[in-house]
Amino acid sequence: MDFDLAPPTGVGPLRIGMARHAANAALDSLRDLSAVSESDRPGQHVFRPGGLMISIHCVRDTLEAIELGRPSTVTDRVLFQGVDVFALAAREVVRRVGEFTCIKEDPDDAASFIAQDLLLSFWRPFAADDEPEEEQGYYFNSVLVAQPGYYDTPAQAAERLQQSS
């Protein structure tokens with residue numbers, strides 16, 4: 001199954017800003033009932049048969065972020081503008097996403113990248129850009145789609161709140 005990232009709107013039936021009960025139902029709809037994982041946690045995350053993890057983060061009963069974790073097989077694909085974010089090398093993903101928007105290395109974590117305009121971030125535990133056999137660093141392990149303000153510093157959050165008043 002293909003999962004198309006549509007930042008900052010969401011992924012598939014999961015929509016940023018939806019109510020928690022609707023997010024729980026949408027998450028549950030992504031579960032493969034023929035192969036339910038013992039690791040599934042209703043209202044938190046599901047693991048699809050190919051290992052793709054889909055997690056939701058709700059605050060004050062509202063969905064604020066969706067995270068997808070790298071599958072162990074190619075049964076499920078996670079795409080952004082046609083770019084398979086888990087099948088390509090992390091540096092190639094950054095290059096291709098950079099064709100659509102500004103994407104920068106996280107100043108606090110050189111192995112992570114943020115496309116702040118899209119509220120989209122990519123993570124891996126460490127950078128191993130020249131070592132394809134080192135999967136944990138060569139490929140991204142997760143991608144996150146978030147609501148506006150998710151990456152704001154406290155000062156930016158205060159400014160955003162003031163502008164919306």
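Just the heavy atoms: all of them, side chains too, but no hydrogens, waters or symmetry mates, feed the values below. Throughout, residue positions are numbered sequentially from 1 according to the sequence presented.
Taking each heavy atom of P71 and D76 in turn, the nearest pair found is CG-O, 3.7 Å. The shortest non-hydrogen separation linking L63 to H57 is CD1-O, 3.6 Å. Closest non-hydrogen pair, S121 versus I114, comes out as CB-CG1, 4.0 Å. Shortest non-hydrogen contact noted between A65 and L144 is CB-CD1, 4.1 Å. Of all the heavy atoms in A35 and P49, the pair that sits closest is CB-CG, 3.6 Å. Closest heavy-atom contact between R124 and G137: NH1-O, 2.5 Å.
Taking the charged nitrogens against the carboxylate oxygens, R96 and E99 have no contact shorter than 4.0 Å, which rules out a salt bridge.
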Using distance only, find each side-chain donor-acceptor pair of residues 15-24 under 3.5 Å and give its atom names and separation, not counting sequence neighbours.
unit_1 : atom_1 : unit_2 : atom_2 : d
R15    : NH1    : G12    : O      : 3.1
R15    : NH2    : G12    : O      : 3.3
R20    : NE     : D61    : OD1    : 3.1

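You'll find the side chain of S142 stays beyond 4.5 Å of the side chain of L68, heavy atoms only. V11 has its side chain out of reach of D4: every pair of non-hydrogen atoms, C-beta onward, lies at least 4.5 Å apart. Contact of the F3 side chain with the I54 side chain is registered, since non-hydrogen atoms from C-beta on lie closer than 4.5 Å. Put simply, the side chain of F113 does not reach to within 4.5 Å of the side chain of D106, judged on heavy atoms. A 4.5 Å side-chain heavy-atom check between K104 and Q116 finds every atom pair outside the cut-off. No side-chain heavy atom of I66 sits under 4.5 Å from any side-chain heavy atom of S55. Between V85 and Y139 there is no side-chain heavy-atom pair separated by less than 4.5 Å.
Aromatic ring centres of F140 and F122: separated by under 6.0 Å.
With F86 as the aromatic partner, R70 does not meet the cation-pi criteria of under 6.0 angstrom to the ring centre and within 45 degrees of the ring axis.
Both L5 and I103 sit in one connected hydrophobic cluster of ILVMFWY residues. Membership requires side-chain heavy atoms under 4.5 Å apart, directly or through other members. The cluster map of Ile, Leu, Val, Met, Phe, Trp and Tyr, joined by side-chain heavy atoms under 4.5 Å apart, puts V143 and M53 in different clusters. Residues V78 and M1 share a single hydrophobic cluster, defined by chaining ILVMFWY side chains whose heavy atoms lie under 4.5 Å apart. Under the 4.5 Å side-chain heavy-atom criterion for Ile, Leu, Val, Met, Phe, Trp and Tyr, L88 and Y138 are members of distinct hydrophobic clusters. By the criterion of side-chain heavy atoms lying less than 4.5 angstrom apart, applied directly or through intervening Ile, Leu, Val, Met, Phe, Trp or Tyr residues, L120 is not grouped with W123; the two fall into different hydrophobic clusters.
One distance of note links CZ of R41 with CD1 of I56; it measures 14.0 Å at 0.5 Å rounding.
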- Message: Is there a side-chain contact (heavy atoms from CB on, under 4.5 Å) between L52 and F47? Walk through the geometry before answering.
- Response: CA-CA 6 Å; L52 177 70; F47 285 85; over 6 Å; no
